[in-house]
Amino acid sequence: MAPQETVILRMRSVSMRYAAGSEVLHDIDLLLKAGSFHFLVGPSGAGKTSLLRVIALTVPVSRGTITLFGRDAVALGEAERARLRRRIGVVFQDFRLLGHLSVFDNVALPLRINRVPEAVVARRVTELLDWIGLRDRTRLPPPRLSVGERQLVTIARAVITRPDLLLADEPLSNLDNRRAERLMHLFVELHRRGTTVLLATHDKGLLEHHRFPILEMDSGRLRSGSLIGPLAAAG
Amino acid sequence: MTGPEMSELELDLPLAEQGTGRFLQWILAAATCLAVLAAALAVLADAELRRAAMRPMVVTLALPAGTAAAEVEAVVRFLGRTEGVAFADPVSEEELAQLVEPWLGDLGEESPLAIPRLIDVTFDPGFRADLRELEARLRELVPGTTFDRTAVEPPETGMLRNLRLFALIAAVAFVSSGVVATAAVVRAGLRAQTDTVDLLRLMGAVDRYLEGQLVDHVLRCGLRGAVAGFATAGMLILAGIEIGGRFDIRPFDALVLRPVDWLLLTAVPILLVLLATLAARLAIDRSLARAA
Ligand SMILES: Nc1ncnc2c1ncn2[C@@H]1O[C@H](COP(=O)(O)OP(=O)(O)O)[C@@H](O)[C@H]1O
Ligand SMILES: [Mg+2]
């Protein structure tokens with residue numbers, strides 16, 4: 001990560017509507033500093049997933065500006081957008097695993113897209129799957145796994161590249177406490193090593209155990225008073 | 001490393017697992033096999049035509065009835081000096097009588113002068129004379145001289161030429177259908193995979209990466225199919241030559257494929273795979289551009 005990138009993400013007055021639908025995000029101002037860790041909370045339908053999608057550049061905004069890794073993310077060419085996306089790991093709420101590939105190949109996907117040598121891919125994927133506890137599942141296709149195991153695969157795929165920015169959408173919701181705790185340690189460890197983390201959750205216990213700043217969403221708005229004000233002023 | 005299945009699994013887009021990969025392989029194997037068979041037929045017909053072309057041309061020259069022996073002599077001498085003529089052989093009167101007997105009956109005391117004098121003209125092997133010009137020059141010597149042109153070209157030649165043409169057209173048609181089918185299969189496979197394409201793009205895959213994967217895949221399927229198709233065609237050709245050689249199969253005198261002919265035949269699968277890959281690349285480009 002380049003040292004001068006103190007701000008990873010800056011959103012100004014961003015609104016978003018899904019195709020032909022009504023607006024689901026209103027006037028979002030958000031600033032994420034490099035190496036920060038934030039929880040994103042809010043009731044179901046508040047817009048957490050939508051906000052993460054906007055940041056991951058998967059849906060276009062209808063208003064406002066986004067600066068991501070120092071680039072204007074609203075007007076990007078294909079190659080540039082692809083390059084930014086490769087620095088982002090996303091844990092999708094709906095997993096989005098490829099059913100025709102094995103667990104191993106699903107997790108290897110981001111590395112291969114980054115053209116990492118196959119020997120390195122094999123080592124890193126095996127290592128991570130071992131650590132996560134999926135050692136005996138590597139050859140299976142995701143549809144043969146339990147929901148919790150699929151969630152683990154999704155997380156592994158999101159972190160395998162050690163991304164600069166990790167967007168995790170309810171990443172622990174399908175895991176038992178022991179596993180959830182272990183995976184939370186993984187996120188914290190990544191954060192310690194410099195990854196900027198934005199983690200959407202509705203798990204109150206998580207917020208109590210890990211004292212990271214909280215961004216609160218409601219009805220498509222980031223609630224004022226939730227840490228953004230001072231950060232925005234600082235940036 | 002994780003074993004030989006690795007390379008298979010490297011493909012992120014599930015064409016192979018969808019069955020389209022196997023389908024593609026079969027299509028290309030069939031197209032290759034049929035195209036090679038057709039091409040082999042064309043090559044065999046061509047070889048036969050070349051052999052026929054090297055056979056010395058023999059035409060019969062007819063001098064009008066009543067031509068004097070001296071004039072016949074003069075014509076023979078003239079032909080002897082003519083380029084490409086191996087020898088000119090006047091048909092003797094006895095032979096002539098025997099020739100015409102089945103039609104005219106025994107000539108008996110009827111004047112042999114009533115029938116034309118014939119000269120068999122044999123040209124050098126491979127030499128194709130301009131009979132029209134030669135005829136014109138001979139007419140200056142003996143007015144009314146004609147060539148019996150029906151004998152110049154055996155009926156097989158025309159048949160072989162048609163066979164060669166149709167076989168070539170068939171080969172081209174089989175190659176083209178293989179190529180078109182490849183493009184169609186790839187396009188359909190990709191259309192069924194928009195979710196996967198979206199996900200890969202979302203992870204930062206550029207279209208070149210997606211295209212590279214798919215083209216690799218088509219190339220691999222194509223090569224497998226082409227090898228299988230060529231092997232099948234090769235065995236069928238060898239069997240056909242072996243069996244055909246035992247019978248008299250009309251337009252052909254001999255069924256022989258030289259090593260250079262086999263080399264030529266290998267160009268068919270190579271061409272097919274190259275064109276199929278190219279078509280796949282174009283189809284992929286267009287599909288991805290539309291899905292962007
Ligand atoms: N793909 C979509 N198309 C249209 N509307 C959507 C889509 N996804 C979510 N929404 C709507 O956007 C709003 C916010 O949803 P979402 O971002 O999923 O909230 P959360 O993740 O906080 O539960 C909801 O009203 C939801 O119905
Ligand atoms: Mg959600």
Side-chain angles (χ1 to χ4, degrees), chain A residues 52-53 55-59 76-90 92 94-123 125-126 129 138-141 143 154 157-158 160-161 163-165 167, chain B residues 1-25 185-186 188-218 220-221 281 284-292:
Chain A
L52 293 179
R53 281 187 189 138
I55 299 172
L57 307 178
T58 44
V59 288
L76 283 176
E78 191 226 333
E80 191 65 25
R81 185 195 313 273
R83 199 164 323 135
L84 292 196
R85 279 171 167 174
R86 271 178 255 150
R87 300 176 66 179
I88 307 173
V90 185
F92 299 98
D94 56 354
F95 304 160
R96 304 189 66 171
L97 297 170
L98 298 184
H100 66 282
L101 295 182
S102 67
V103 163
F104 181 97
D105 288 307
N106 268 284
V107 175
L109 212 48
L111 293 176
R112 287 180 175 150
I113 289 172
N114 275 297
R115 306 218 179 272
V116 172
E118 214 37 49
V120 179
V121 171
R123 184 164 45 74
V125 172
T126 308
L129 287 175
T138 55
R139 289 283 137 219
L140 294 179
T154 313
R157 186 182 60 187
I160 189 72
T161 55
D164 293 330
L165 174 62
L167 305 172
Chain B
M1 289 293 298
T2 347
E5 73 271 31
M6 198 78 188
S7 65
E8 289 294 313
L9 291 167
E10 257 181 74
L11 189 75
D12 309 329
L13 296 163
L15 281 178
E17 292 72 11
Q18 257 184 349
T20 47
R22 208 163 319 127
F23 188 47
L24 203 59
Q25 217 163 298
V185 167
V186 166
L190 207 50
R191 200 172 303 139
Q193 289 306 320
T194 46
D195 285 354
T196 305
V197 170
D198 283 350
L199 177 72
L200 291 172
R201 279 182 170 155
L202 216 147
M203 292 179 159
V206 286
D207 284 358
R208 206 158 8 91
Y209 173 86
L210 302 173
E211 190 199 77
Q213 287 234 333
L214 287 163
V215 169
D216 269 10
H217 177 61
V218 171
R220 239 174 313 181
C221 290
R281 183 178 285 273
I284 292 161
D285 274 353
R286 285 178 46 192
S287 298
L288 288 180
R290 208 173 310 129

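All figures in this text were calculated on a predicted structure; none of them were measured in a lab. Order of the sequence lines sets the chain letters (A, B, ...), proteins ahead of strands, with each chain counted from 1.
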>> Could you report the tightest heavy-atom contact between B:Leu199 and A:Arg157, atom names first, then the distance?
In response: CD2-NH1, 3.5 Å
>> Can you tell me if B:Arg281 has over 12 outside heavy atoms packed within less than 6.0 Å of its CZ?
In response: no
> Hey, is the main chain of B:Val206 close enough, under 3.5 Å, to the side chain of A:Glu78 for a donor-acceptor pair?
Replying inline: no
>> Let me confirm one number: the CE-CG distance from B:Met203 to A:Asn114, rounded to the nearest 0.5 Å.
In response: 10.5 Å
>> Please evaluate residues B:Asp198 and A:Arg96 with respect to the criterion side chain to side chain contact (heavy atoms under 4.5 Å, CB included), reporting the C-alpha separation (whole Å), side-chain torsions for both, the decisive distance (0.1 Å), and the verdict.
In response: CA-CA 10 Å; B:Asp198 283 350; A:Arg96 304 189 66 171; 4.1 Å; yes
>> Report which part of A:Arg81 has an atom under 4.5 Å of a heavy atom belonging to chain B: side chain, backbone, both, or neither.
In response: neither
> Measuring from B:Leu202:CG to A:Thr58:OG1, what's the distance to the nearest 0.5 Å?
Replying inline: 5.5 Å
> For A:Arg112 and B:Tyr209, which heavy atoms make the closest approach, and how far apart are they?
Replying inline: O-CE1, 3.5 Å
>> Has A:Arg85 got a side-chain atom pairing as donor or acceptor with B:Arg201's backbone, closer than 3.5 angstrom?
In response: yes
> At what distance, to the nearest 0.5 angstrom, does CG of B:Leu200 lie from CD1 of A:Ile113?
Replying inline: 5.0 Å
